[in-house]
Amino acid sequence: MLMRTSDASQIVIIGSGIAGLFCAIRLANAGHFVKVITKQRPIDSSTNWAQGGIAAILDKTDGIGLTSHIEDTLKSGGGQCDISVVNSVINEASDRIQDLLDIGVDFEKDVDGEFHLAKEGGHSSRRILHSKDATGKEIERALSQTAEHHENIKLMPNNLAIDLIQCEHGNPKAGISGVWCLDQTTQTVMTVHADTLILATGGFGQLWSQTTNPSVATGDGLAMAFRAGAAVKNLAYIQFHPTALAVKSDRPFLITEAMRGEGGVILDKEGLSKWQTQCKENGRIISPEPYSFTLKYSKMGSMATRDIVARAIDRQMKITGDSHAFLVTSHLDENLLNSHFPTISSRLERHGLKLGHDPLPISPAAHYAVGGLPVDDIGRPFVKESGEIFPRLFAIGEVACTGMHGANRLASNSLLEAVVYAARAAEHIISNPPTKHQNELPDWRADGLDNLSEHTPVVHDKNELRQTMTQEVGIVRRFSRLNRAARRLVLLGQEVDRLWRESIPTRSIVELRNLILVGQLVTEDALARKENCGLHFNQDLVKE
Ligand code: SIN
C-alpha cells in the first residue's frame, strides 16, 4: 500500500483533462496527497473530446523519425517555436507514451500487433497514435478510472474555481496560498488551502460562437492567474480547426484531421460539382484533390497546416457567400472509413449523412489556444511585473504557453506537450516537496451580496461577447474591427463587473467574467501585433 509522505502540505490541481489527471496520478504514486478540483464531472474536459491522437516517435533511436517530427513542428510554428522545447518534448515522447500505456490507455494496433499510426495536416509521415476517432475519450477513461480509485487522490467534481488566494494580497511575488471555489452542489464558496497549486484548466474556445470545445472551456485558469499577477503570452494565436461539422446541432462536432490524412478532400460547391461531372464523364471515380480551392493557398492542398487550410476555407466562404465548404470522402473505401471513424460515422448518421458517401458540410471553428501563461521548462509561470517565477504555482496543458507550438500548433502535438509538462511539474514537486503555509486564509467576501434575481442579462451578455469575438476577432482580422471589439468588451466588462460585485457568485457569472477578461487580452494582443504570423492574420498588415 502506498503511504502518504507529505501529509503536511497540500497540493491542489484545478482541471481534470490529460494534464491535470496525469500530474495527479504521478504525484499520488509518489506518495503525495492531491486534491483535483473540477467544475463538472472529471471526464468533462477538452481531452475527452479530442479525436485525432497523440503524435510521438516511439523508437528513441529513430533519428530520422525524431528529426522529421521536430522539423514539421517548427515549420508549422512559423519560426516562433522554442527549438529547445520542441527538441526536448519530442525526445521525451516515447517515455510518456509508455507511462500512458502503463496507466492502461489502449491505442489502436494493426493486425500484426504494431501501433496503427495516423497522419494529419502538416505531418510529413504517419506518427499519430490514436484510439480510432475517440483518442481523448480513451485517455480520459484510463486516467479518470485510475484517479478515482487512487487512495491519494481526492476528486472534487462540481467545484468551480473562482479566484486564486495570494499569500500577500497584491504581491504576486509572495505566491499563492489557495483558491476560492464555488461548490455547485451547495452553492457555497469554499476556501481551499494549497501549498502548491497546479492550473490545468484548458483553453477558452467558448469565446467564439463556433467552437469544437466543450462548455467548460471558459479560460478560468488563465483569467484567475492574470488577475493574480501572472504574465500572459501569444493570446492572439487562436487555432481554428478547419473541419467542424456545419449542421444545426446542440453540440459542436469535429471531423478529425485524420480524415484528411486518410484521403478526405476539401472542396467548395463549384469544385464539388466540377469533380462530380468529371467522374461521370470518365465513368469512374477520380481523385477530387485537383478540384480543391485549397491548392490556391498551398501545394499541400487539403493537407496543409491548419492555419492555412482554415484561412483558405474562410476566404472561399466569403468569396462564394456560402455558409460552409465540403469534406469529400466518397472516393475512399467506405468500410475502412467506417471502421477507422466509428464515432464520426454514427454522429453523421444522426444528421442523415453517410461517411464515404455524402459530401460533409464543414466550416472552421475555434479549437485551441496556442498562447497562454508563459512557463519555464517545468511548467512554472512568471510574474507579469518582474518576470520572476511565480512561487507555488504551475500551469500545464492548454492553459500554458511553453513555446512548443510557436505561432501555430501542429496537429496532435498538444496531448503530447500536456503529458510531458505534467510529468515534469510532478517530478519537480516530488523532488522539492512544498513547504506548509502557516498563514490563515481569508474567507470569500460574502457580506451584502444578493442572489442574482435574473440571469437573462448574463445570457445576453455572453451571446454578445461570443458574437463580437466571432465577427471581429476571428480568423481574418482588421484593426478597425479589433478596435470595435475592444470598445464593446470594455462595456461588457463594466456590466459584468457590476453584477459580480453585487451578487452571490453563480457559474454563469464566474465564467462570463473570465471569458470577458480573456477576450480583452486576446484582442489587445491582436491589436498590438505589427506582423502576421501563423494563426494571427490581419488583412491590414498584408503588403500588396
Ligand atoms: C483532430 O483530430 O483533428 C484534432 C487533433 C488536434 O487538435 O490536435
Side-chain angles (χ1 to χ4, degrees), residues 17-19 45-56 69 72-73 76-77 86 89-90 93 97 107-108 116-123 126-140 202-205 208 210-214 217 237-246 252-266 302-310 313 327 329 337 340-345 347-348 355 360 362-370 372 397-398 402 404-406 408-420 534-535:
I18 185 171
S45 65
S46 293
T47 300
N48 203 33
W49 285 27
Q51 292 182 1
I54 179 159
H69 188 183
D72 290 349
T73 302
S76 177
V86 174
V89 170
I90 287 174
I97 296 296
F107 291 117
E108 188 94 0
H116 179 270
L117 300 175
K119 192 175 173 198
E120 294 180 31
H123 286 271
R126 287 184 174 267
R127 60 169 80 98
I128 298 166
L129 290 151
H130 64 105
S131 304
K132 296 219 181 270
D133 57 354
T135 312
K137 196 169 175 187
E138 169 56 17
I139 292 175
E140 192 70 38
F204 45 85
W208 289 267
Q210 276 84 39
T211 177
T212 63
N213 289 186
Y237 295 149
I238 302 302
Q239 186 166 69
F240 285 77
H241 196 290
T243 58
L245 185 62
F253 191 74
L254 179 73
I255 299 187
T256 177
E257 220 165 274
M259 189 74 78
R260 277 175 282 140
E262 294 302 328
V265 170
I266 296 167
S302 302
M303 283 298 278
T305 51
R306 271 183 203 171
D307 52 343
I308 295 171
V309 179
I313 297 173
L327 181 63
T329 58
L337 287 180
H340 275 337
F341 304 107
T343 315
I344 294 175
S345 172
R347 179 68 177 217
L348 290 174
L355 188 59
L360 311 175
I362 49 95
S363 58
H367 183 60
Y368 188 86
V370 163
E398 190 175 350
T402 64
M404 170 87 181
H405 310 309
N408 177 41
R409 176 177 67 94
L410 183 67
S412 286
N413 263 355
S414 49
L415 294 176
L416 171 62
E417 179 209 46
V419 83
V420 165
L535 295 161

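Ligands are counted one by one from 1 in listed order, and the atoms in each one are counted from 1 as well. For the numbers below, each heavy atom of this structure counts, side chains included, while hydrogens, waters and symmetry mates do not.
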Could you tell me whether ligand 1 has any atom less than 4.0 Å away from a heavy atom of [X]?
{"X": "Ala258", "result": "no"}
{"X": "His241", "result": "yes"}
{"X": "His367", "result": "yes"}

Specify the closest pair of heavy atoms between [X] and [Y], including all atoms of both residues, with the distance to one decimal.
{"X": "Asn213", "Y": "Pro252", "value": "O-CG, 3.9 Å"}
{"X": "Ala56", "Y": "Ile97", "value": "CB-CG1, 3.8 Å"}
{"X": "Ala418", "Y": "Ile18", "value": "CB-CG2, 3.7 Å"}

Which of the atoms in ligand 1, numbered in the order shown and given with their element, are less than 4.0 Å from a heavy-atom of [X]?
{"X": "Ala411", "answer": "8 (O)"}
{"X": "Glu257", "answer": "1 (C), 2 (O), 3 (O)"}
{"X": "Glu120", "answer": "1 (C), 3 (O), 5 (C)"}

### Task
Look only at interatomic distance and state if Gly52 has a nitrogen or oxygen under 3.5 Å from any nitrogen or oxygen of ligand 1.
yes

### Query
N/O to N/O below 3.5 Å, does that happen between Gln239 and ligand 1?
no

### Task
Look at the side chain of Asp133 and the backbone N and O of Ile344, then say whether any donor-acceptor pair between them is shorter than 3.5 Å.
yes

### Query
Can you tell me if Thr135 uses its side chain to pair, donor with acceptor, with the backbone of Gln51 under 3.5 Å?
yes

### Task
Could you pull out, from Ser46, Gly121, Gly53, Ser412, the option with a heavy atom nearest to atom 8 (O) of ligand 1?
Ser412

### Shortest protein heavy-atom distance from atom 1 (C) of ligand 1, along with the residue and atom involved
Thr256 OG1, 3.4 Å

#### Entry: Protein contact of atom 5 (C) of ligand 1 - nearest heavy atom, named by residue and atom, plus distance
Arg306 NH2, 3.3 Å

### Query
Mind checking whether His116 and His130 have parallel, tilted or perpendicular rings, split at 30° and 60°?
perpendicular

### Query
Do His405 and Tyr368 have ring centroids that are under 6.0 Å from one another?
yes

### Task
Apply the test side chain to side chain contact (heavy atoms under 4.5 Å, CB included) to residues Leu245 and Leu348: give CA-CA distance (whole Å), side-chain angles for both, the deciding distance (0.1 Å), then the verdict.
CA-CA 9 Å; Leu245 185 62; Leu348 290 174; 3.7 Å; yes

